[in-house]
Enquirer: 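I am attaching a structure below and will ask some questions about it afterwards.
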Amino acid sequence: MASMRLCIDGSTFRDPQQREVVLRGINIDATAKYPKTPDIPSYVPDGFYDGDNVSFVGRPFAIEDAHTHFERLKKWGYNQIRYIFTWEAIEHAGPAKYDEEWIAFTIEMLRVLKQYDFYVYMDPHQDVWSRFSGGSGAPMWTLYAAGLDPRSFNVTQAALVQNTYPEPASFPKMIWSTNYTRLVCQTIFTLFWAGKDFAPRAIINGKNIQDFLQDHFIAAVRHLAKRINEAGGLEDEVVIGWENINEPNRGLVGYQDISVIPPEQQLQLGTSPTAFQAMLTGSGRACEITTWAFGNFGPRQTGRELVDPKGTTAWLPADYDDSKYGWKRDPQWKLGECLWAQHGVWDPATDTLLRKDYFARDPKTDEQLDYNGFTNQYFLDHYRKYKNAIRSVHANAIMFCQPPVMEIPPTIKGTADDDPNMVHAVHFYDGLTLMTKHWNRFYNVDVIGVLRGKYLTPAFAIKIGETAIRNCLRDQLHFLRQESLEHMGNHPAILTEIGIPYDMDDKYAYKTGDYKSQISAMDANHYAIEGSGMNGFSLWTYMATVWSFLFLTLFSTTLLIRNMQNIHEWGDHWNGEDLSIYSLDDLELPTAKALGQDPQNQSSISLDRTSPAFSQSRTDSLSTRIEPNNLKQALSTPSISVSPTSNPELCSHMGYRAAEAYIRPSPVSIHGSLEAYGFDLQNCTFTMSLTSATSTPENAPTIVYLPEFHYPSMHTDVTVSGGKWVIDVEKMGSGIVQHLKWWHAEGDQTIEIRGAKRKAGVVEDTADDEGYLEQCRREACAVM
């Protein structure tokens, strides 16, 4: 039996030494949302509709590049990976046609991850259902199975898709998220969760479309889990668990009146049709629809727009040949007509709405539905099936239960669903910053408070001043943590997504190298995490761009020249988002040696002269200067470019991409129970308190990750309530990883670690190294 590297003990994670573990993680990788072959990011129209003949082999990156990326993430203090994959990656060719080559590639990638001791949980990712409805996730054939025609989505506005947008570069920022309230997503999510109740005519292969879609999705993910199990040495040792489908959405379930925008619909951007208007335009009718923009205080109505598909429909034509995928559609399900019209919701002869409350009640019980009712009934029914399928092949799997985002979680405390081996997976973004792509230091809004009815009027939810904003973010996360304990029971809760947009203020930082706004936003998010009581997080996201290899002989050293692709121009290469913490067009934080703090020359005595016990700093020998004979080793990633970008303005001043804020100290393993911790970036001070029933055994100290940038050896002071400590330095690729190990007594214990204060956002003077690299650039150009 595989060893259990991580177990759940009530509301905490524990390692084999019974230390509490904090999961500090990252999502890899944003490129997993679209195929590798052909390489079709969301702004590329060519070959888009050939959804069957694709391959995700090479996502998130090539096996030969994996060590570079995982070493970097390990140096940055991450111990956990949320591994992104899509249903499309497994089953793109058709129902039950699994891509075994991609599965073998994924298993090989997991074996590399094992070498770096990451905790990994698997995420079957989706956004607005599928790439072909403007997001990621499900294969193209699922839309055909639902009777929908992807080639007509843009003209009917059934979904807005950047790949087929008239000018992909001008695709409005964040408008993709409005697809959840357009026809395609409203229809297919309703069918996926509740087709048997609301679309009983939709029978395919003798099954209702609900069972047809759910069964294929669950079987595909189970097949991947089974292959990982059969591979050996990965289950429980590397893959600790599985998350359910990312960001589940109810579709139309619980809509009380489809002729109006529901009051709980907080996001409106661009055209904002009612559900009935979406049905009309999806059937080729012209409708005048309200338009919205996202202002400083949220959505605001800007006018009206005539949406006229001129007879084009979002539904498959009556003569569509179902034989391509080998399924048989029941004769009562007529193609060429709106499925909801076939169920009596509206009359296509007169364009009259017949049943505005069609989705408002459970047809079986006649009980009124709302989002909470959806979560506790339809979502949980699916989650149980999914959990049982995963556990049938991965018996010890930790289930990361992700209910609908920002909604009240399912009320399962004390019920049969109160699974002791479950985690509440939470998503949270600072919506004002994400939607406006601007860090507002003056005010923000308590969105969770508004959603939960905390305020008599939303005006009272406005928080003024940066301190109040930071506390507001923290308090929202703390509320979500307490709500989890109240509704779901005594389980760990982690943020499986949280992050910031980097292309703020019309990409100002890319033009100037000034990342102060991003630093403030990222620091505020981490401050919120640290004060929330959450058991960890997975930052969204890390993105590795594609490399092209050009081999040049220079000083007898092979150099790698990166290609023209860059993050500054296209961000995460998906719908205009730009949340990756890593970019080829930005600098990495300098090492201690670049800052004049060579660990090789440091004293081996305690770094804290007042510590009650001795400590020792250990390190492997590290080179102190980049020379021709060690250039390849010294560069942790190839960084020499003939032409860094097609737009020189966007990388004329390189910065650290707010790395000062996310590469921060963090508890890793705690002997006892963690009470509180936090990092004051401005003063470079980390504090932590814990309580322990016993003194620390020699082989299981409390461990804190200390980033080299903030804590170079000669600028680190440690104060502890008692015990002894040591700063352990391990070589990792071309850099080092530092951990403070602390042996303390029982009872209440505290530690404070003070590092090197620096001005935020300032690029250190590395003139010697930069001059040498510039020489390499010039000579590389000469060779070409």
Side-chain angles (χ1 to χ4, degrees), residues 33-35 37 48-57 85-104 106 122 124-126 128-133 135-151 153 184-185 187-196 199-227 242 244-246 248 251 315-317 319-335 339 381-382 385-386 388-390 392-393:
K33 293 184 177 187
Y34 57 88
T37 307
F48 175 66
Y49 289 117
D50 189 8
D52 301 346
N53 301 304
V54 297
S55 172
F56 286 73
V57 174
F85 69 96
T86 62
W87 181 5
E88 183 186 9
I90 308 174
E91 202 176 3
H92 50 82
K97 295 180 180 179
Y98 301 138
D99 190 336
E100 298 293 346
E101 184 183 1
W102 174 82
I103 291 172
T106 301
M122 308 294 288
H125 204 79
Q126 79 80 34
V128 295
W129 186 258
S130 171
R131 282 195 301 128
F132 305 97
S133 49
S136 66
M140 191 177 197
W141 58 261
T142 62
L143 293 163
Y144 292 131
L148 293 159
D149 183 0
R151 295 179 184 271
F153 289 171
V184 174
C185 281
T187 294
I188 203 159
F189 277 112
T190 305
L191 299 180
F192 183 82
W193 303 110
K196 288 186 288 189
R201 290 173 175 264
I203 304 297
I204 187 168
N205 280 2
K207 294 181 176 182
N208 183 271
I209 187 65
Q210 173 185 332
D211 290 332
F212 183 80
L213 293 173
Q214 283 198 29
D215 289 353
H216 275 290
F217 168 73
I218 292 172
V221 181
R222 183 186 183 277
H223 183 77
L224 174 61
K226 182 172 180 287
R227 287 285 187 260
W242 296 76
N244 58 274
I245 191 169
N246 180 69
W315 301 98
L316 288 174
D319 60 354
Y320 174 76
D321 185 4
D322 270 333
S323 65
K324 177 179 180 180
Y325 294 108
W327 57 57
K328 184 175 177 59
R329 202 179 305 264
D330 192 280
Q332 67 177 331
W333 185 356
K334 299 177 182 178
L335 295 182
L339 182 61
D381 284 347
H382 166 74
K385 290 171 60 178
Y386 177 81
N388 292 338
I390 294 296
S392 72
V393 293

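Side chains are part of it too, since the values below use all heavy atoms of this structure and drop only hydrogens, waters and symmetry mates.
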Enquirer: Heavy atoms, side chains only, cut-off 4.5 Å: are Leu224 and Trp242 in contact?
Expert: yes
Enquirer: Please examine the side chains of Val184 and Leu143, heavy atoms only from C-beta on, and report whether any two atoms are closer than 4.5 Å.
Expert: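 Yes, side chains in contact.
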Enquirer: CD1 of Ile390 to NZ of Lys385: how many Å apart, nearest 0.5 Å?
Expert: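 It comes to 13.5 Å.
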Enquirer: Which pair of heavy atoms, one from Leu335 and one from Gly147, lies closest together, and at what distance?
Expert: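 Reported closest heavy-atom pair: CD2-CA, 4.2 Å.
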Enquirer: Of all heavy-atom pairs between Pro124 and Tyr386, which one has the smallest distance, and what is that distance?
Expert: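 The answer is CG-OH, 3.6 Å.
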Enquirer: Kindly indicate whether the side chain of Trp87, heavy atoms from C-beta on, has any atom under 4.5 Å from the side chain of Pro139.
Expert: yes
Enquirer: Would you indicate whether the side-chain heavy atoms of Trp193 and His382 approach each other to under 4.5 Å?
Expert: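 A side-chain contact under 4.5 Å exists here.
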Enquirer: A quick test of your reading: do over 12 heavy atoms of other residues, nucleotides or ligands sit less than 6.0 Å from CD of Glu101?
Expert: no
Enquirer: Of the non-hydrogen atoms in Ala199 and Leu191, which two are nearest, and what is the gap between them?
Expert: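 That would be CB-CD2, 3.5 Å.
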Enquirer: State, with a plain yes or no, whether a side-chain heavy atom of Val54 is found less than 4.5 Å away from one of Arg131.
Expert: yes
Enquirer: What class does the angle between the rings of Phe212 and His216 fall in, given that below 30° is parallel, 30 to 60° is tilted and above 60° is perpendicular?
Expert: perpendicular
Enquirer: If you measure from CG on Asn205 to CG on Asp215, what distance do you get to the nearest 0.5 Å?
Expert: 11.0 Å
Enquirer: First locate atom CG of Leu339, then atom NZ of Lys334, and finally report the distance between them rounded to the nearest 0.5 Å.
Expert: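 Answer rounded to 0.5 Å: 12.5 Å.
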Enquirer: State, to 0.1 Å, how close His125 and Ser136 come at their nearest heavy-atom pair, and which atoms those are.
Expert: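 The answer is CD2-OG, 3.9 Å.
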Enquirer: Of all the heavy-atom pairs spanning Ala220 and Ile90, show the shortest one and how long it is.
Expert: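 That would be O-CD1, 3.7 Å.
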Enquirer: Taking Trp129 as the fixed residue, which of Phe192, Phe217, Phe153 is the one that meets the ring-ring contact (aromatic ring centres under 6.0 Å, His included) rule?
Expert: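 The ring-ring contact (aromatic ring centres under 6.0 Å, His included) with Trp129 is passed solely by Phe192 among Phe192, Phe217, Phe153.
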Enquirer: Considering non-hydrogen atoms only, spot the tightest contact between Gly195 and Asn208 and give its length.
Expert: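 Looks like C-OD1, 3.1 Å.
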Enquirer: Any donor and acceptor pair, going by atom type alone, linking the side chain of Gln126 with main-chain N or O of Val128 inside 3.5 Å?
Expert: yes
Enquirer: For His92, which of Thr86, Asp99, Asp52 qualifies under side chain to side chain donor-acceptor pair (under 3.5 Å)?
Expert: Asp99
Enquirer: Let me confirm one number: the CD1-CG distance from Ile209 to Asp330, rounded to the nearest 0.5 Å.
Expert: 12.0 Å
Enquirer: Which value, rounded to the nearest 0.5 Å, describes the distance between Lys196 atom NZ and Gln210 atom CD?
Expert: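 Between atom NZ of Lys196 and atom CD of Gln210 there are 4.5 Å.
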Enquirer: Check whether any side-chain heavy atom of Thr187 sits under 4.5 Å from a side-chain heavy atom of Trp315, and report yes or no.
Expert: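 They are in side-chain contact.
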Enquirer: Under the salt bridge (charged side-chain N to carboxylate O under 4.0 Å, His left out) rule, collect the residues that match up with Asp322, sequence neighbours excluded.
Expert: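 Asp322 satisfies salt bridge (charged side-chain N to carboxylate O under 4.0 Å, His left out) with Arg329 only.
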Enquirer: In Å and rounded to the nearest 0.5 Å, what is the CG to NZ distance from Asn246 to Lys33?
Expert: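 Here the interatomic distance stands at 8.0 Å.
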Enquirer: Donor-acceptor pair, Trp141 side chain versus Glu91 backbone, under 3.5 Å?
Expert: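 Yes, because the side chain of Trp141 sits within donor-acceptor range (under 3.5 Å) of the backbone of Glu91.
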Enquirer: Is there a side-chain contact between Glu88 and Phe132, using heavy atoms and a 4.5 Å cut-off?
Expert: yes
Enquirer: Tell me whether the guanidinium CZ or amine NZ of Arg151 lies under 6.0 angstrom from the six-membered ring centre of Tyr49 and within 45° of its axis.
Expert: yes
Enquirer: Checking Asp50 now: which residues fulfil side chain to side chain contact (heavy atoms under 4.5 Å, CB included) with it, not counting sequence neighbours?
Expert: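 Once residues adjacent in sequence are excluded, the partners of Asp50 under the side chain to side chain contact (heavy atoms under 4.5 Å, CB included) criterion are Asn53.
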